[in-house]
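Working notes, beginning with the structure itself.
Every chain is numbered from 1 and lettered A, B, ... according to where its sequence line falls, protein lines coming before strand lines.
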Amino acid sequence: MAEKDIPTQYDPAAAEKRWYPEWVKRGYFHANASSDREPYCIVLPPPNITGRLHIGHALDHTIQDVLIRRARMQGYEALWLPGTDHAGIATQVVVERALREEGIERREMGRDAFVERVWAWKERYGGEIVEQMKALGNSCDWDRLRFTMDEGLSYAVRVAFVRWYEQGLIYRGERLVNWCPTDRTGLSDSEVEHEEVDGELITFRYPFAEGYDFIEVATTRMETMLGDTGVAVHPGDERYEAWVGNRVRHPLDGREIPIVADAAVDRDFGTGAVKVTPAHDPNDWEIAERTGLPRMNIFNADATLNDNVPEEFRGLDRYTAREKVRDRLAEKGLIVKEQRPYRHAVGHCYRCKSEIEPWIAGMQWFVKVGPLKGPAKEAVAQGRTRFVPPRWERPFDTWLDNLRDWNISRQLWWGHRIPVWYCPNGHETVATEDPAKCAECGSAEIEQDEDVLDTWFSSQLWPFSTLGWPEATGDLKKFYPTTALVTGYEILYLWVARMIMAGLSLVEKDRTRTGDHIPFERVVIHGLVRDGHGRKMSKSLGNVIDPLDMIEKYGADALRFALARMATPEQQNLPLSEASIEAGRNFANKIWNAARFVLQADGKPELPERSRLSVAERWLLSRHHACVTAVNSALDADDFAGAGQSLQRFLWSEFCDWGLEVEKRRLAGDAKQDAANTLAWVLERTLRLLHPVMPFVTEEIWQRMGPGESIVVAEWPEPIPDLADKEAEAEFAAVQGIVTEIRQLQAGIPRELAKAVALDEGMREDSEKWLEDIRLLTGAAASFEKLDGIRVALRIPGGTDLAPVVDRLSKKLQDSESKLERKRKKLSNEGFTSKAAPEIVEKERTEAGELEEEISRTAAQIRQLGG
RNA sequence: GGGCGGUUAGCUCAGGGGGAGAGCGCUUCCUUGACGCGGAAGAGGUCAGAGGUUCAAAUCCUCUACCGCCCACCA
């Protein structure tokens, strides 16, 4: 028999190498837009091309692959569309760093050469990422692989821009932007991370231009006082009423600046007077807009001080300047109070973590979000797009409410260049194709905007640009709206919200499958992978788990199972330890060996006629049915952990621990083919159920069982209600009870036997027919002296110390007695018997009866053991 | 300053009104013809604390404490 050669250990690497290319070659992952099957589509959140996939991707991808593989087996036209993101800032920074190591500066090499280098990077790392996804087993449609800077997607970006421009949703303006002095670009509000830091709040005096009075103001950013162009107080503040309109003298550069009144000032904070730095604070910017204070920019692009400040401060970085300004004011006796540490929130760049500087970076393009919010809120409120878990809906709503216009200009080279051309006469030409001349005056001296678009501008189009939008393609018609979007909560706002707004605004309803232009019907929001102790994984902590290392060490299935096993819909932290991946490996091996056993018994996945089934087999089928039901309902609820747990329980604790063991006896007798076939049938069907989570080991076994072409395209198991068998479950549960009881007695009693103990007063009537099974399951065939009817006997050698066994039994007796006590009390409580549901009362009665039986049995056992 | 989540066995977490569960770890035993990446039997928990609702609370409600996260232009 060839099966004899099956190794006792599953070899993941061999299976992965064998099956993945085969699946791709056979085209299983390719979706057909013209098929008449129901569509099921997921677009992969495109990983950045900045480097390797990390464990978070592995989780994200595992979930998606489980969904898409199940859908494929269920007969849907399943499309999982993969791709990568150009990731503007992130990639530019990484490439710049790499160049710097070669001693090359970006600005020296020029824009075109630099962009060329980034493309080379993309070719290399983009390709690596695809290989990594394949190693995980992702069943993506590689024929549809996309990149955000593809020709098609770039065109979609231009069309989106032009359309919004024409609708007045995109405008240009000079505003204060979130400037990252390290990356030297502006950022949107969503790209700024607020973090509490310890600073100091310093109160100082502005002396009046005339006379000896002064006004006190406070700041955490002393250096910005060099750019102050006014002091503001609340209009109704009687303390300062008389001073409004007066002027104070700037103590460091001698400028006279006015005191103004503005309602934005909180009179209860600090002194009730605020220094106003319009060019470097959003609040102050607005005050200046209202009061007419001038703007005075004091920073260079790298946040060093520029020539607008007194000479001694020029060129200093902001932190050095902060101290120096304080020192100068202290020397002049103008510092009133220094409060430190003073905790306050400071914005940081989401990429490089530098402190953000509000700065005027010239003209910037903005998206007007007001008109986009409403439809997005409505789509979620109406459940056209469903959030899983739904508790994210409220924060999503609040976030939209507070959303302000979106700055989309980035002072970078890598990305989609803004499709606007300026002519010397001050006209703007906005076009999807590069124009040769100004659309308004015909001037040929046009120049394209130097900036590129925010990365998220192209990402927001992903669910439809990848399907061919703006063209009315077959893919769009077939697969849009997509079925599910799977992502971590960290980019819910940054990305998901924008896709919803963009889809609703841009996609034409009549080009979609359902007539609704929402980008996805459901958003599955999973948690973040942490280390085994719930800490964030980071290089500095040294607790990073690299998915590819894990695949190499334990196999892709092991990693996938470990990840799926912890992905409950509610959890936001998902602690992953190497031990849990090892457990996944062990599980794969367990299944492997179970299959080996079934194959050695020559099992064929065919179910014998019901009349030929043993009670144990009926029990196994019933449990299998329960597993199919549980897995289906868990997956319907996006509860991957629940599905994994059900599968593991059934296969390990039921199929292997009881099913295979009890079948060993039948396998040695006349019914052996029926027994082997039943096992094979259950195993084969359960393998299909497990396949989406553990694609490789299931395929490897399935191929050896030979029921068809590939498990990838096998039919998904749905519950078969006829398999549910309450009688068989009850009877087998009783047998399990007897077996466990005997095992408990055996523990601590050596095999060499002398003393016979009659165990079983009043045991279940039909236990006789199970005696052979019980012998086998307790592994104690030789130890049974006689088994007449309801009596089970054990022989124990003389001189055996029975005290531990008796102790254990005594403890069990006590437990049972106190349990019984509680039940009796409950049952004698009239409140309970009259108010509780009748079936609950009945259940309590039954259980009390069972406890009584157990108590007398245990007591008898203690007596027989001489306790 | 708003909001959300968490607190259950040594560790990491399920459970979500009527018998405290899993995996890992730990103890003892088992070279039983699928698997030692295995099998069997165990030890270990006033389910954070206080109050309330209920015949019945780990589970529902209120408050408190601690942990974590998200949002936020109060100098």
Any non-hydrogen side-chain atom of A:Leu563 less than 4.5 Å from a side-chain atom of A:Phe640? no
Within the structure provided, determine whether A:Ser580 and A:Met566 are in side-chain contact (heavy-atom separation under 4.5 Å). no
Pick base, sugar-phosphate or nothing for [X], based on heavy-atom distances below 4.0 Å to the nucleic acid.
| X | value |
| --- | --- |
| A:Ala264 | nothing |
| A:Lys275 | nothing |
| A:Trp658 | nothing |
| A:Asp266 | base |
| A:Pro575 | sugar-phosphate |
| A:Arg221 | nothing |
| A:Lys590 | base |
| A:Tyr10 | nothing |
| A:Thr740 | sugar-phosphate |
| A:Glu844 | sugar-phosphate |
| A:Gly270 | nothing |
| A:Arg404 | base |
| A:Asp657 | sugar-phosphate |
| A:Ala588 | nothing |

Which of these nucleotides, B:A22, B:G44, B:C71, is closest to any side-chain atom of A:Lys811? B:G44
salt_bridge([X], [Y]) N-O dist < 4.0 Å:
| X | Y | value |
| --- | --- | --- |
| A:Glu200 | A:Arg322 | no |
| A:Glu289 | A:Arg295 | yes |
| A:Arg824 | A:Glu821 | no |

Side-chain N or O of [X] less than 4.0 angstrom from OP1 or OP2 on [N]?
| X | N | answer |
| --- | --- | --- |
| A:Lys664 | B:A34 | yes |
| A:Asn593 | B:G38 | no |
| A:Tyr489 | B:C4 | no |
| A:His344 | B:G1 | no |
| A:Arg394 | B:C4 | yes |

Does B:G19 have a Watson-Crick or wobble partner in any strand here, with both distances under 3.5 angstrom, and which is it? none
Between B:G16 and B:A40, how far apart are the C1' atoms? Round to whole Å, please. 32 Å
Pick the C1' atom in B:U53 and in B:A22, then give their distance to the nearest Å. 32 Å
Less than 3.5 Å between a donor and an acceptor, one on the side chain of A:Glu663 and one on the base of B:A34, is that the case here? no
Are a donor atom and an acceptor atom from the side chains of A:Thr833 and A:Glu830 found within less than 3.5 Å of each other? no
